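Everything below concerns the one structure shown next.
We're numbering straight along the sequence, starting at 1. Since this is a predicted model, take the numbers as computed values, not measurements. The figures here come from the full heavy-atom set of this structure, side chains too, leaving out hydrogens, waters and symmetry mates.
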Amino acid sequence: MNIQSRVDFLIERAKKQNPQVNATKIAAAYECANKAHEGQVRKSGEPYIIHPVSVAEIIVEMGLDTDSICAGLMHDCIEDTDFGYKEIENKFGTSVAELVNGVTRLGMIQYSKEQEQMEDLRKMLVAMNKDIRVILIKLADRLHNMRTIEFMGEAKQRAKALETMEIYAPIAHRLGMQKVKWELEDRSLRCLDPIGYQEIVDGLAAQSNEHEKFLERIKTTICTKLSESGIQNQISARVKHVYSIYRKMYDQHKNINEIFDICAVRVIVDSVADCYNVLGYVHDLYKPIPGRFKDYISTPKPNGYRSLHTTVIGRAGIPFEVQIRTQEMHEQAEYGVAAHWKYKQGVQKNGSEESYAWIRQLLESQQDTEAEDFIKAIKVDLFSDEVFVFTPQGDVINLPAGSTPIDFAYSIHSAVGNRMTGAKINGRIAPIDTKLRNGDIVEVITSKETRGPKRDWLKIVKTSEARNKIKQWFKKECREENIVQGKADLERELRANLMLNHFLENESIQENVLKKFNYNQLDELYAAIGYGGVTVTKVLNKIKDEVIKLRKAEEAKQPVQQGRVKTDSGVVVEGIGNCQIKFARCCTPVPGDEIIGFITRGYGISIHRKDCINAAHREEEPDRWIKCWWNEDQLTNKGKFSTALQLTTTDRMGVMSEVLNTLASSRVNVSDFNGKTLSQGYAIINAVVDVSGVTQLESVLNKLRTIKGVVSVNRHTE
């Protein structure tokens, strides 16, 4: 089908879904986009206009309005063509222009330093809060890019897939768009762990005949029972999507052949009453598994999802899930917020206020939050699974998984949290750090007087709302105590790092540190450390930077002799001989790397890789940098050189052991090794290894990349 035919079909489909769609406006938007992108091609070699048309097709499938479809067709015009905001506004109105501009700004978001990443995420939330359609169009754009990601380079594929898995798939989940979320996750997994992905695909293919027969029997049995009972129904059956199975394998430490509950049946009926009737019939036909029934109709998820879920065991002893819902619930489950355009015609800018009030609440609660805390809060409040607990009066409270009674108390009101002295869970006294579970009835025990929270609560609470309210209390009520505590904490760390005198005796360092954290006086900084508004580590790192700058400024310029002089370190230095040579720890150069030297005062010459971040601005002190080369004649006698590696992996059992075994089999010494868990099922592993040079190092890197679950392997720089 050619492009014009696809556009005609797109318009016809949009008109079927919504007779109010302006076909003329959509056709005009296509003509403008086609003209603006004329001569441009995608990496696949196809005309660029195929991408906007494909995005618009996804938007039509979501059921969005005329302006959204037009914005989808022109979403790249401002960024990639001469067709700007004013032209779009004049021809298609402010609404379309604002949507295109919003999507363009979201396209500029990329991984960066924490402060910049925080602003990027804030920008995304602000755009979503202003008009939810912006993120819906962006999700359509990302979905089509993931469908055609094979035309990108391998490194770009991994970066895009990781960003999609960590940002866009969770947002689709929070907006209730399960169909979009599942496809984004599967396509991301295919890039991040192709071996693991293919293992599941092959395993499902090998069992496909069994699954088809099994599901067909179940459909027939349920359909017959419901027809006899006079309940109109639509039954579909499917195997769960690949990433869902991948997570199950990871969580349960099993392979594909050991996972049985991977089949699901969906029953769509006409009314809520029928949903509960069908549940009864299913439990008559099959034995339900205790604890696996969830009623999301009486207690919807925060993203608006409604359905009955039950897991039962078939006659062959194989468990499977049954989902029961109405057609409207089904549309909501597939397309989330976007489904409101199908069921509430005329809803334009606001969509459903309740569906994304959480965006506004998240923005309001994070106004004065530090960058690192903001990013953590986003991942908890936006991306975590939920638990549903009850007040003694029967009201439902939704909290992130892992929340405690303290989080529960502050979710009710800050005054309740500040007066809290204990908690009862299901009628029994429980520790305040107990992790709440679905269905718990929580009662907060309070005192008549406001005693205030404990500082240890900051380490216990899960939600950013509770953490911020605790910090606000300490900020307001305990200023003098905070100053004393904060000053003691900072001076203790400065003393341990031999920088206390530098900080106390140098006003310029103090001024720069205060400016960095937006405080006017030292007492304000101490108070912020005391109540947790800023961490000691952040302040300490800034002071370190200032002390290093001061030392560099005080170092006298060294005269540089001309000529190339050999040293006994395996490095040739231009113009200087018999001097102390040390290899910079920030970039850990090894033979084969392009290197450059930095003249220090009292420490000889520090050797850096030319691509080291500390050598990036050599033009600022050109007299301090000096040319260096490796002395090939001496290297054979110099033994091994240490260098730092960083691996990003899926967080699975045994991955660190496999990395160590691979390093051992490569005959490299490991002098340091550690790892930490990230969100969304990933982990970081850092290692310092001794190698003879770049050739051996590349061999080691290639072997590490073959380990199952390894996303990336890079030389680490500080």
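Between the side chains of D67 and S95, at least one donor N or O lies within less than 3.5 Å of an accepting N or O. A donor atom on one side chain and an acceptor atom on the other are found under 3.5 Å apart for D295 and S298.
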Checklist entry - Should Y305 and Q178 be marked as a side chain to side chain donor-acceptor pair (under 3.5 Å) after you check the CA-CA gap, both sets of side-chain angles, and the distance that decides it? => result CA-CA 9 Å; Y305 178 85; Q178 297 305 306; over 6 Å; no

Checklist entry - Are M329 and I297 close enough, and set up right, to give a side chain to side chain contact (heavy atoms under 4.5 Å, CB included), and what steps lead you there? => result CA-CA 9 Å; M329 292 176 193; I297 294 180; 3.8 Å; yes

Item to check | N145 vs R42, side chain to side chain donor-acceptor pair (under 3.5 Å): CA-CA, chis, key distance, verdict | outcome: CA-CA 11 Å; N145 281 332; R42 303 199 81 208; 2.9 Å; yes

Checklist entry - Could you walk me through whether E216 and K213 pass the side chain to side chain contact (heavy atoms under 4.5 Å, CB included) check? => result CA-CA 5 Å; E216 196 58 42; K213 293 176 182 177; 5.7 Å; no

Checklist entry - Do H37 and D76 pass the side chain to side chain donor-acceptor pair (under 3.5 Å) test, and can you show the C-alpha distance, the side-chain angles, and the key distance before you say yes or no? => result CA-CA 9 Å; H37 291 295; D76 279 334; 5.4 Å; no

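Side-chain atoms of N233 never come within 3.5 Å of backbone atoms of V269 as a donor-acceptor pair (strictly under, hydrogens ignored). One N or O on the side chain of Q157 and one on the backbone of M152 form a donor-acceptor pair closer than 3.5 Å. The main-chain N or O of C223 is found under 3.5 Å from a side-chain atom of S227 such that the two form a donor-acceptor pair. A donor-acceptor pair under 3.5 Å links the side-chain atoms of K25 to the main chain of F92, judged by distance alone. N34 places no side-chain N or O within donor-acceptor distance of the main-chain N or O of C32, the cut-off being under 3.5 Å. In this structure, D407 contributes its side chain and T463 its backbone to a donor-acceptor pair below 3.5 Å. Looking only at distances, a side-chain donor or acceptor of T66 sits under 3.5 Å from a matching main-chain atom of N22. Proximity of a side-chain donor or acceptor of S229 to a complementary backbone N or O of I231 within less than 3.5 Å is not detected. For S403 (side chain) and L399 (main-chain N/O), no donor-acceptor pair under 3.5 Å exists by modelled atom type.
With respect to the salt-bridge test (charged N to carboxylate O, under 4.0 angstrom), the residues E321 and R292 do not qualify. Here E185 pairs with K181 in a salt bridge; the nearest charged N to carboxylate O distance falls below 4.0 Å. R158 has no carboxylate O lying under 4.0 Å from a charged side-chain N of E163, or vice versa, which leaves the two without a salt bridge. With respect to K225 and D284, no salt bridge is recorded, no charged nitrogen being found less than 4.0 Å from a carboxylate O. Here R187 pairs with E183 in a salt bridge; the nearest charged N to carboxylate O distance falls below 4.0 Å. Salt-bridge annotation for K86 and E89: present, with a side-chain N of the basic residue lying under 4.0 Å from a carboxylate O of the acidic one.
Taking each heavy atom of I262 and L204 in turn, the nearest pair found is CD1-CD2, 3.7 Å. Nearest heavy atom pair, residue V21 against residue A14, reads CG2-O, 3.6 Å. Of all the heavy atoms in A140 and I58, the pair that sits closest is O-CD1, 3.6 Å. Between A33 and M74, the closest heavy-atom pair is CB-CG, 4.2 Å. Closest heavy-atom contact between K462 and P400: CG-CB, 4.3 Å. Nearest heavy-atom pair, A56 versus L10, reported as atom, atom and distance to 0.1 Å: CB-CD1, 3.6 Å.
Just one of T224, T220, L226 meets the side chain to side chain contact (heavy atoms under 4.5 Å, CB included) condition when paired with I222; it is L226. Checked against S307 for a side chain to side chain contact (heavy atoms under 4.5 Å, CB included), the options R266, R325, H330, K294 give a single hit: R325.
For E38, the CD atom is loosely surrounded, since the number of other residues' heavy atoms within 6.0 Å does not exceed 12. Remark: Q4 CD is packed, more than 12 non-hydrogen atoms of other residues, nucleotides or ligands lying under 6.0 Å away. At most 12 non-hydrogen atoms from other residues, nucleotides or ligands lie less than 6.0 angstrom from CZ of R437. Residue K248 qualifies as enclosed at atom NZ: its count of foreign heavy atoms under 6.0 Å is above 12. Heavy-atom neighbours of E210 CD from other residues, nucleotides or ligands within 6.0 Å: at or below the threshold of 12.
Here the two rings, on Y197 and Y243, have centers that are 6.0 Å apart or farther. Taking the ring centroids of H309 and F293, they lie at or beyond the 6.0 Å cut-off.
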